[in-house]
Amino acid sequence: MSRALKYDIPGEDWRRTSLDLADLGAQGLFKSGADAPKRFVLEVGFGRGEFLLELAQREPETAFLGVEVSYKRVLKMARKVAVAGLENVRLLEGRGEVILGELIADSCLDEVWVNFSDPWPKERHAPRRVIQSGFAAHVARALNPGGVFHVATDDPTYAQQIHTVLSSEPALVNEFPNQPWRTDVPGRIRTGYEEDWLREGRSLFFFDYRCTEGPQQGGRP
Ligand SMILES: C[S@@+](CC[C@H](N)C(=O)[O-])C[C@H]1O[C@@H](n2cnc3c(N)ncnc32)[C@H](O)[C@@H]1O
């Protein structure tokens with residue numbers, strides 16, 4: 001039997017809505033003035049949230065926006081963020097591709113992370129994968145020049161698709177051009193699923209692409 005969901009937030013509730021984001025912009029969700037964060041980082045599909053919590057603890061002056069499609073996971077993460085007393089995390093429930101495509105302004109992020117998004121292994125489900133050419137174009141538009149898009153997967157077919165998509169986006173450049181992906185990133189914070197996949201002995205695929213330019217006149221498609 002599954003445990004009852006706890007709805008109380010033992011501290012500050014840092015969940016925000018898409019409307020808040022539309023009204024205030026990503027910067028407007030965080031402190032302003034002298035305390036305004038210097039860097040902005042987005043994670044799409046944070047799952048159980050271990051990775052986002054660790055990053056946010058390591059970099060208290062960076063703003064972290066976590067997007068998750070699961071209501072329960074956002075709620076559970078809101079409880080964890082409150083318990084940890086973190087003030088540099090904001091949580092949004094929604095589809096990453098919609099939030100990024102419609103509610104994140106041009107050139108306002110320094111990093112985007114998509115860790116182990118669902119691989120949808122059946123070919124007919126492939127259109128449901130998060131990493132598609134439209135998504136990559138939105139990441140490139142939303143990143144500052146010099147900003148980095150980090151992607152990880154455990155699925156070889158999805159890895160091939162990610163390689164094709166990212167290497168076809170003109171504003172993104174592979175940080176490791178002699179290899180389509182890396183199979184190990186020393187010093188990397190591991191996500192919950194990553195720990196599970198490593199225990200199972202699966203191969204992992206890591207991508208880092210840097211944004212080389214600001215948004216095109218008239219916007220990218
Ligand atoms: C396989 S889990 C990986 C979780 C976490 N990143 C990790 O590595 O431990 C994929 C997560 O992405 C979320 N997700 C799936 N589609 C999404 C979407 N379109 N936008 C945001 N989150 C999504 C799921 O609810 C799930 O929590």
Side-chain angles (χ1 to χ4, degrees), residues 21 26-27 37-47 51-52 54-56 58-59 62-69 89-90 92 94-120 128-155 157-191 193-194 204-216 219-221:
L21 182 59
Q27 279 85 352
K38 303 283 180 288
R39 300 182 71 249
F40 289 82
V41 175
L42 172 73
E43 186 183 9
V44 172
F46 55 74
F51 183 85
L52 188 55
E54 178 67 30
L55 270 188
R58 286 189 189 186
E59 295 182 43
T62 296
F64 292 91
L65 193 57
V67 175
E68 222 326 310
V69 77
V89 178
R90 302 292 181 272
L92 283 167
R95 301 191 68 79
E97 53 276 47
V98 175
I99 286 172
L100 187 67
E102 298 179 9
L103 299 174
I104 301 281
D106 293 354
S107 303
C108 70
L109 300 175
D110 296 285
E111 286 177 75
V112 176
W113 292 86
V114 181
N115 289 312
F116 304 96
S117 63
D118 299 313
W120 294 105
R128 299 182 190 178
R129 294 173 187 153
V130 169
I131 307 294
Q132 310 277 352
S133 56
F135 185 83
H138 284 306
V139 171
R141 175 190 59 71
L143 280 172
N144 285 315
V148 181
F149 184 24
H150 310 273
V151 183
T153 185
D154 64 300
D155 185 278
T157 308
Y158 194 13
Q160 196 55 58
Q161 172 174 332
I162 293 167
H163 169 56
T164 303
V165 165
L166 299 188
S167 60
S168 304
E169 169 49 53
L172 296 176
V173 172
N174 188 353
E175 283 280 86
F176 302 94
N178 298 326
Q179 43 191 348
W181 51 67
R182 289 185 291 167
T183 53
D184 181 35
V185 178
R188 183 186 145 89
I189 299 169
R190 289 185 180 153
T191 76
Y193 278 72
E194 188 170 346
L204 304 181
F205 307 84
F206 299 99
F207 303 80
D208 288 329
Y209 275 70
R210 193 172 290 278
C211 180
T212 55
E213 54 184 75
Q216 307 284 302
R220 294 193 190 91

Would you indicate whether the side-chain heavy atoms of [Y] and [X] approach each other to under 4.5 Å?
X      : Y      : value
Lys38  : Thr62  : no
Val41  : Leu65  : no
Asp208 : Phe176 : yes
Phe149 : Glu111 : no
Asn115 : Arg188 : yes
Val67  : Leu100 : no
Phe51  : Glu43  : yes

Review point. Who are the side-chain contact (heavy atoms from CB on, under 4.5 Å) partners of Val44, not counting sequence neighbours?
Key: Leu42, Val114, Phe135
**Study point:** Under the side-chain contact (heavy atoms from CB on, under 4.5 Å) test, residues paired with Asp110 that sit two or more places apart
**Key:** Arg39, Phe40, Asn144
Review point. Who pairs with Glu102 by salt bridge (charged side-chain N to carboxylate O under 4.0 Å, His left out), at least two apart in sequence or on another chain?
Key: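 Salt bridge (charged side-chain N to carboxylate O under 4.0 Å, His left out) check on Glu102 returns nothing, list empty.
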Review point. What's the shortest heavy-atom distance between Ala136 and Leu172, and which atoms?
Key: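 Looks like O-CD1, 4.1 Å.
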Study note, to complete from the structure: Residues Asn174 and Gln179: closest non-hydrogen pair is ND2-O, 3.0 Å
**Study point:** Interatomic spacing from CG in Leu52 to CZ in Phe64 - rounded to 0.5 Å
**Key:** 7.0 Å
**Study point:** Axial cation check for Trp120 ring with Arg129, 6.0 Å and 45° limits
**Key:** no
Review point. Do Ser167 and Tyr209 have side-chain N/O donor and acceptor atoms under 3.5 Å apart?
Key: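 No, Tyr209 and Ser167 have no side-chain donor paired with an acceptor closer than 3.5 Å.
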Between [X] and [Y] (side chain of the first, backbone of the second, donor and acceptor by atom type, cut-off under 3.5 Å), is there such a pair?
X      : Y      : answer
Tyr158 : Ile131 : yes
Glu194 : Thr191 : yes
Gln132 : Gly134 : no
Arg182 : Phe206 : no

Check your understanding: Does Arg190 pair with Glu54 as a salt bridge, N-O distance under 4.0 Å?
Key ->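 Answer for the salt bridge query: no.
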